[in-house]
Amino acid sequence: MKKLLAIALAAGMALSLTACGSKETQANATQAGAPADSGAKDAASAKSEDAEKVTPKIGVAISSWTTNAIFVDANRRIQKEAEENGWEYQAITLTEDNCVSTIENFINAGCNIVMIQANKAPEAFSSKIDEMLDAGICVIEYDSEYEAEKDTFFLSLDNYGAGKYFGEIIGEWCNENIEGEAIIGLGNRISNETFKYRAMGIADGIEETIKNGGVKLQVETQPGTAEGGMKAGEDLLSGLPDMNVCVMWNGGSGAGAYEALKGANWDGALFSFDCSQEEVQAMLNGDILKGSVSTNCAEELLFIIKQGVAYVENGFQYTEEQLADDTLIHHYFVPVMVWQEDAAKWLLEE
């Protein structure tokens, strides 16, 4: 990811230097005896170009945007960047009931960049994606690829693959740290057509790696928030009183399970996924939350929005850098395990 960010930053610097060089050349030409009116023409031309510059107007619609810990972090990060760069930015928590009206509001508000979680209501979004593209809007599809061939950009995660990566790490940890049988409880999101695959991957990764034990009970977290995680933690402990390892599929449920299990004086090992700031703070306590998977969500969301900004500022065309590197257009999160011992490195600046 750092490499990709470096590429984008380098591209921005190159454009800046080109612009500076152009102004310097004009100034030198005037000093060297260019016609007296050339400076006025250049100034008029520059003024005309400035008038044509497009201000990025960004609309974001993602479910749990104001309740999921990683999205709260991301919203704060994007808002800060927007204020520093003069972007217009608005965001809303997406639901199945407001998906169509949200898109219509973004279009009416003059948004030229829209990020949507299309898998929330793919049928409803299908025609709206076409409508946005026809209106000349840069569409960024988050966490799905239903319309990826038509969309301008997408940012997604291979949920099954990331889950399996996580499960294999947990299985190996159990092999090295659990004496006797690992009795594992898992909080999943089986009712969600996208996220159900993450827990499936976690379970498969554990079962394929672990030597003694495995997933003995699964419960669904509703809807993947701290409140849902608290109930899931309580349900797992009630249904599996000998549980010595607990795994939660996302950060919200992980933070909730942490509170529930700590309140019950449980002394097993908890693992979570998302590495939100709440989870980082819990890991810093040095107790039951042993580790979490980070997708560097806030920075990756900001990264793909910056790609959209570059697209818009390039006359609604892909930049040369984007055309040369397809991962700047079709971008995937990369899961990274964060252990308790390294948690301090993952604290975000306020």
Side-chain angles (χ1 to χ4, degrees), residues 1 60 62-78 91 93-94 117 142-143 155-163 165-167 169-170 185-192 194-199 201-202 205 218-234 236 245-262 269-285 287-302 333-340 342-348:
M1 296 309 117
V60 173
I62 293 176
S63 64
S64 303
W65 187 251
T66 57
T67 55
N68 190 321
I70 59 169
F71 294 146
V72 172
D73 296 339
N75 184 52
R76 186 175 71 244
R77 183 73 181 86
I78 296 167
T93 291
L94 187 66
Q117 187 176 1
Y142 168 73
D143 213 20
L155 172 65
S156 191
L157 173 70
D158 175 1
N159 274 286
Y160 180 82
Y165 161 85
F166 188 29
I169 289 172
I170 294 168
L186 172 62
N188 64 33
R189 192 74 170 90
I190 203 69
S191 65
N192 183 283
T194 297
F195 296 131
K196 69 181 182 181
Y197 294 105
R198 188 182 302 174
I202 292 171
Q218 294 193 43
V219 301
E220 178 159 9
T221 64
Q222 289 286 357
T225 61
E227 182 180 3
M230 288 187 72
K231 185 177 186 307
E234 293 167 352
L236 285 170
V245 177
C246 181
V247 184
M248 288 289 151
W249 74 277
N250 81 330
S253 62
Y258 176 81
E259 296 299 329
L261 296 173
K262 280 279 290 180
L270 173 64
F271 293 90
S272 188
F273 192 111
D274 278 341
C275 201
S276 67
Q277 291 300 284
E278 288 180 82
E279 294 166 85
V280 171
Q281 292 289 350
M283 282 191 279
L284 289 176
N285 293 332
D287 46 44
I288 64 173
L289 185 56
K290 305 301 182 184
S292 179
V293 170
S294 173
T295 57
N296 207 16
C297 184
E299 293 300 323
E300 292 285 37
L301 284 167
L302 177 58
F333 291 105
V334 177
V336 177
M337 189 68 192
V338 178
W339 294 101
Q340 189 181 83
D342 300 320
K345 299 177 183 177
W346 292 80
L347 281 172
L348 297 179

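Keep in mind that the numbers below use all heavy atoms, side chains included, and drop hydrogens, waters and symmetry copies. Numbering of residues begins at 1 and proceeds along the displayed sequence.
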Spacing of [atom1] belonging to [X] relative to [atom2] belonging to [Y], to within rounding of 0.5 Å:
X: L347; Y: L284; atom1: CG; atom2: CG; value: 5.5 Å
X: Y197; Y: W249; atom1: OH; atom2: CH2; value: 14.5 Å
X: R198; Y: F166; atom1: CZ; atom2: CZ; value: 9.5 Å
X: F71; Y: L301; atom1: CZ; atom2: CG; value: 6.5 Å
X: I202; Y: F273; atom1: CD1; atom2: CZ; value: 7.0 Å
X: S294; Y: D274; atom1: OG; atom2: CG; value: 8.5 Å

Between [X] (side chain only) and [Y] (backbone N and O only), is there a donor and an acceptor less than 3.5 Å apart?
X: E279; Y: S276; result: yes
X: Y165; Y: G201; result: no
X: Q277; Y: W346; result: yes

Minimum heavy-atom distance [X]-[Y], with the two atoms named:
X: D143; Y: S156; answer: C-OG, 3.7 Å
X: G187; Y: L236; answer: N-CD1, 4.1 Å
X: S272; Y: N250; answer: OG-O, 3.1 Å
X: R189; Y: G224; answer: NE-N, 4.2 Å
X: G233; Y: M248; answer: N-CE, 4.1 Å
X: A260; Y: E234; answer: CB-CG, 4.0 Å

Within the supplied structure, the quantity of interest is the number of heavy atoms (other residues, nucleotides, ligands) at a distance under 6.0 Å from K231 NZ; does it exceed 12?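 Open: at most 12 neighbouring heavy atoms sit under 6.0 Å from NZ of K231.
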For a side chain to side chain contact (heavy atoms under 4.5 Å, CB included) check, start with the C-alpha distance between K262 and D287, then their side-chain angles and the critical distance, and finish with the verdict. CA-CA 9 Å; K262 280 279 290 180; D287 46 44; 3.0 Å; yes
Does the side chain to side chain contact (heavy atoms under 4.5 Å, CB included) test come out yes or no for L289 and L270, once each step is laid out? CA-CA 5 Å; L289 185 56; L270 173 64; 3.7 Å; yes
May I ask you to test the [X]-[Y] pair for a side-chain heavy-atom distance under 4.5 Å?
X: L94; Y: W65; result: no
X: M283; Y: V338; result: yes
X: N159; Y: T194; result: yes

Test side chain to side chain contact (heavy atoms under 4.5 Å, CB included) applied to Y258 and N285, step by step: CA-CA 11 Å; Y258 176 81; N285 293 332; 3.0 Å; yes
For the pair N188 and K196, evaluate side chain to side chain contact (heavy atoms under 4.5 Å, CB included) and give the outcome as yes or no after the intermediate values. CA-CA 7 Å; N188 64 33; K196 69 181 182 181; over 6 Å; no
